[in-house]
Asker: 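Okay, here's the structure, questions in a sec.
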Amino acid sequence: MKKILAGLALATIAITGVASAQDSPFALQIGARKGVMDYRQLQLITLGQMAKGEVEYNAEAAQKAADNVVASAMLDQSMLWPQGSDSDSNIESRAMASIWAEGSDIGAKGKAFAEAAMAMQAAAGVDLASLQAAMGPLGETCVACHKDYRAPAN
Amino acid sequence: MRRILRLFLVVAIVGLGVTYLVVRPRTLPADTLSRLTGDAGRGELVFWAGGCASCHADAKATGDDKLVLKGGQSFPSPFGTFIAPNISNDPIAGIGAWNELDLANAMIRGVSPEGQHYYPVFPYASYAKADLQDVVDLRAFLATLPADPTPSGAHEVGFPFNIRLSLGGWKLLFLKDGWVVDGDLTEEEQRGRYLAEALGHCGECHTPRNALGGMESARWLAGGPVPAGRGNFPNITPAKLDWSKADIVEYLTSGFTPDFDSVGGHMALVVENTARLPEADRAAIAAYLKRVPASE
């Protein structure tokens with residue numbers, strides 16, 4: 001009985017060991033990246049619902065959300081995108097390997113997003129029409145990156 | 001013994017002959033389009049509704065470069081990797097020398113001017129339902145686009161899928177007449193059905209395929225795994241897509257989902273097309289999606 005228990009314990013450790021070896025070595029980085037994306041999405045919900053007329057326009061709330069988008073664009077993300085943390089090697093990531101490949105224009109796309117975010121920052125608190133006008137160009141920069149560099153969802 | 005052998009040979013030859021008659025490429029009658037005249041202006045709408053540029057232009061093309069249909073995008077599948085050909089206006093590298101009937105045979109019958117079957121990665125299983133007037137209009141529009149001399153790449157397809165005649169059998173099995181979503185549809189829903197089932201070829205990705213690569217029409221638009229890749233094409237039947245009609249129109253216009261995620265991947269190319277359609281057409285697609293049978 002003791003032997004069986006010991007064997008069971010060993011087997012459990014072995015299985016757990018295998019399981020943690022399968023976890024991505026970049027779990028933290030990938031999780032943080034997704035967190036940044038979620039944070040931006042929350043701000044865009046605030047802005048977008050006003051733009052669509054689903055929520056009444058509120059200059060202060062719109063300004064706050066736009067400021068937050070800019071703040072997220074200004075984050076230093078250099079440590080979040082290590083080589084090898086792509087969707088080919090990490091099941092939890094949807095970031096395509098082409099981000100890191102030669103010819104990648106991820107930097108330019110990031111810059112375009114930051115610029116569109118600043119345009120939104122200048123517009124969101126002015127009035128609803130200004131917010132609505134800034135929404136399209138900001139969305140285009142989301143699409144531009146997701147089109148080229150985001151793998152399909154599982 | 002010799003008689004048996006002779007009989008066997010006769011049966012084999014007749015069998016092969018019959019098989020050939022069944023699987024040979026079938027073209028449209030030569031006078032199919034004789035009463036039709038193409039209109040390039042209307043053809044532009046067919047071009048965007050049909051999504052030609054999404055596969056035949058460079059994947060990263062934007063603006064006017066989307067009209068340079070030089071081919072080159074690759075499409076991996078369980079049957080091999082297909083390379084989109086040059087369909088620009090170049091008479092040698094592209095299809096500049098095609099007449100209207102050549103384009104109609106390609107889209108409606110899946111047959112090249114040389115009389116070969118096309119691989120169904122070219123979505124003729126959907127385009128077969130296109131109006132001939134739309135095909136003729138599209139031909140007129142394509143003739144206005146730039147010529148590009150880039151030669152088409154060869155498909156990377158192994159045996160037995162490199163025998164194109166076998167595609168005749170595939171067509172017999174999987175080319176179906178008639179609409180998938182049938183019944184009493186409003187005019188708007190019918191327009192949406194035409195855009196979704198024929199020109200827009202939504203089912204080519206969003207409908208799961210069987211082992212031979214045919215669309216499983218019983219699970220129309222119910223999604224499925226990306227062939228030879230990771231991830232899934234989403235289920236866009238009412239079983240999973242619970243967006244309002246306005247939400248769908250917004251997505252096909254700006255690419256924003258109702259919770260302000262954005263479209264991505266190849267679907268972003270699709271939205272670049274739908275965004276150019278009249279709003280009434282996007283609304284028609286949304287109305288149609290609401291009528292598709294729910295499928296888990």
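Values below: all heavy atoms of this structure, side chains included; hydrogens, waters and symmetry mates excluded. Quick note on labels: first sequence line is chain A, next is B, and so on, each numbered from 1.
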Asker: Are the charged groups of R40(A) and D261(B) less than 4.0 angstrom apart, N to O?
Answerer: no
Asker: Quick one: CG on L269(B) to CG on D148(A), what's the gap to the nearest 0.5 Å?
Answerer: 8.0 Å
Asker: Can you tell which part of A153(A) gets under 4.5 Å to a heavy atom of chain B, answering side chain, backbone, both or neither?
Answerer: backbone
Asker: So, using ring-ring contact (aromatic ring centres under 6.0 Å, His included) as the criterion, who are the partners of H56(B) when residues are at least two apart?
Answerer: none
Asker: Minimum heavy-atom separation for R230(B) to S87(A), with atom names?
Answerer: NH1-O, 3.1 Å
Asker: In Å, rounded to the nearest 0.5 Å, how long is the span from NZ of K60(B) to CG of D105(A)?
Answerer: 4.5 Å
Asker: Flag the one option from D259(B), V226(B), T253(B), T62(B) with the top tally of heavy-atom pairs under 4.5 Å to chain A.
Answerer: D259(B)
Asker: Hey, could you give me the CD/CD distance between E272(B) and E140(A), rounded to the nearest 0.5 Å?
Answerer: 9.5 Å
Asker: Can you say whether A246(B) sits under 4.5 Å from chain A via the side chain, the backbone, both, or neither, judging by heavy atoms?
Answerer: neither
Asker: Heavy-atom cut-off 4.5 Å, strictly under: side chain, backbone, both or neither for M135(A) against chain B?
Answerer: both
Asker: To the nearest 0.5 Å, what is the distance between OG (S254(B)) and CG (L138(A))?
Answerer: 11.0 Å
Asker: For A287(B), what residues pass the side-chain contact (heavy atoms from CB on, under 4.5 Å) criterion, not counting sequence neighbours?
Answerer: E188(B), E189(B), K245(B)
Asker: To the nearest 0.5 Å, tell me how far F256(B) CZ sits from K52(A) NZ.
Answerer: 9.0 Å
Asker: In Å, rounded to the nearest 0.5 Å, how long is the span from CZ of R150(A) to CE of M267(B)?
Answerer: 12.0 Å
